[in-house]
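Quick caveat, the model's predicted, so the values are computed rather than measured.
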Amino acid sequence: MDVDEIRSDLTEVLITEDEIHAKLAELARRVETDYAGNPPLLVGVLKGAVMVMADFARELKMHVEMDWMAVSSYGASTESSGVVRILKDLDTEIAGRDVLIVEDIIDSGLTLTWLRANLESRGAASVKILALLRKPEAAKVEVDVEYVGFEIPPAFVVGYGLDYAEKYRNLRAIGVLAPHVYQ
């Protein structure tokens, strides 16, 4: 879906599709250097990270394995409860493996802090994080993120995997959702 098709639902476009792809290519070069000769297991966090994971993996010039987790700390709310539930666990054994969590966005950091600790407790050799977006002003805990695409303001953003009520995930850019859509 292109921005022009839903322009009235957005107050602004924060990041274009071209900017996203350029940033993912840049991050891929860094990851290739950091993991030269020892590719990490990419762990995507469903559902939001699907677009980021797919495009990031295609940018890599190394063989990588991918797996997926689904976790929830929101329930029916728009704010994290801080209580994390695993809805879909990994299919891959990670003991002794280098793991790179691929995320779409980091808001409070609560879920990601829990997820990192969970994967470390399973014996991963290392657990690092790649996030396309980070909202520094929304952080409730400090999360060490090795690879960050863009820092954004604490706005309600959609597109490129990010949704509101399961809509807008397939938007090719990232935009700020207009309040009239969700109020």
Compare all side-chain heavy atoms of V50 with those of W68 and state whether any distance is below 4.5 angstrom.
yes
SB check E26 K23 (cutoff 4.0 Å):
yes
With sequence neighbours excluded, residues passing side-chain hydrogen bond (donor to acceptor under 3.5 Å, both in side chains) with E19
T16
Report yes if some heavy atom in the side chain of R122 is under 4.5 Å from a heavy atom in the side chain of L90; otherwise report no.
yes
Within the 4.5 Å heavy-atom criterion, are L110 and W114 side-chain neighbours or not?
no
Under the side chain to side chain contact (heavy atoms under 4.5 Å, CB included) criterion, do R134 and V145 qualify, and how do the steps go?
CA-CA 9 Å; R134 178 169 56 186; V145 182; 4.0 Å; yes
Value rounded to 0.5 Å, distance of CE in M51 from CD1 in I174:
11.0 Å
Could you measure the distance from the CG atom of L46 to the CG atom of L87? Nearest 0.5 Å is fine.
9.5 Å
Anything under 30° is parallel, anything over 60° is perpendicular, the rest tilted; go ahead and classify Y35 against Y147.
tilted
Quick one: list whatever passes side-chain hydrogen bond (donor to acceptor under 3.5 Å, both in side chains) with R116, sequence neighbours left out.
E146
Where A173 and I15 come nearest, the two heavy atoms and their spacing:
CB-O, 3.3 Å
Gap separating the CG atom of L112 from the CD1 atom of I101, nearest 0.5 angstrom:
5.5 Å
Has K88 got more than 12 heavy atoms of other residues, nucleotides or ligands less than 6.0 Å from its NZ?
yes
Shortest non-hydrogen contact between H63 and P39, atoms and distance
O-CB, 3.1 Å
Ignoring hydrogens and angles, write down the donor-acceptor pairs under 3.5 Å from the side chains of residues 6-14, residues two or more places apart or on other chains.
unit_1: R7; atom_1: NH2; unit_2: D4; atom_2: OD1; d: 3.1
unit_1: D9; atom_1: OD2; unit_2: Y168; atom_2: OH; d: 2.7

What is the minimum heavy-atom distance between V31 and M62, and which atoms define it?
O-CE, 4.5 Å
Linking I/L/V/M/F/W/Y whenever their side-chain heavy atoms sit closer than 4.5 Å, directly or via other members, would L24 and L100 fall into one cluster?
yes
If we only count heavy atoms from C-beta on, is the L133 to D104 side-chain gap below 4.5 Å?
no
Which residues share a salt bridge (Lys or Arg N to Asp or Glu O under 4.0 Å) with D34, sequence neighbours left out:
none
How far apart are the closest heavy atoms of P136 and I152, and which atoms are they?
CD-O, 3.6 Å
Do V84 and M69 belong to the same hydrophobic cluster, where Ile, Leu, Val, Met, Phe, Trp and Tyr are linked whenever their side-chain heavy atoms lie under 4.5 Å apart, directly or via other members?
yes
Is I94 close to V127 at the side-chain level, that is, under 4.5 Å between some pair of heavy atoms?
no
What about L162 and L177, same hydrophobic cluster or not, with Ile/Leu/Val/Met/Phe/Trp/Tyr joined at side-chain heavy-atom distances under 4.5 Å?
no
Just jot down the side chain to side chain contact (heavy atoms under 4.5 Å, CB included) partners of A125, sequence neighbours excluded, or say none.
D98
Nearest 0.5 Å, what's the CE-CG distance between M66 and D91?
13.0 Å
Identify the two heavy atoms, one from K61 and one from E32, that lie closest to each other, and give their separation to 0.1 Å.
N-OE2, 2.6 Å
Same cluster (ILVMFWY, side-chain, under 4.5 Å), V148 and L132:
no
Looking at side-chain heavy atoms only, is the closest gap between Y160 and V52 below 4.5 Å?
yes
Compare all side-chain heavy atoms of L42 with those of L60 and state whether any distance is below 4.5 angstrom.
yes
For the student: nearest non-hydrogen atoms of M53 and D67, plus distance:
CE-O, 3.5 Å
Would you say K128 has more than 12 foreign heavy atoms packed within less than 6.0 Å of its NZ?
yes
Evaluation steps, side chain to side chain contact (heavy atoms under 4.5 Å, CB included), between D163 and E166:
CA-CA 5 Å; D163 75 302; E166 293 299 324; 3.8 Å; yes
With sequence neighbours left out, the residues meeting salt bridge (Lys or Arg N to Asp or Glu O under 4.0 Å) with R97 are E65
Assign the ring pair Y164 / F156 to parallel, tilted or perpendicular, where the plane angle (0 to 90°) is split at 30° and 60°.
perpendicular
Is there a path of hydrophobic side-chain contacts, each under 4.5 Å between heavy atoms of I, L, V, M, F, W or Y residues, that connects I86 with L41?
yes
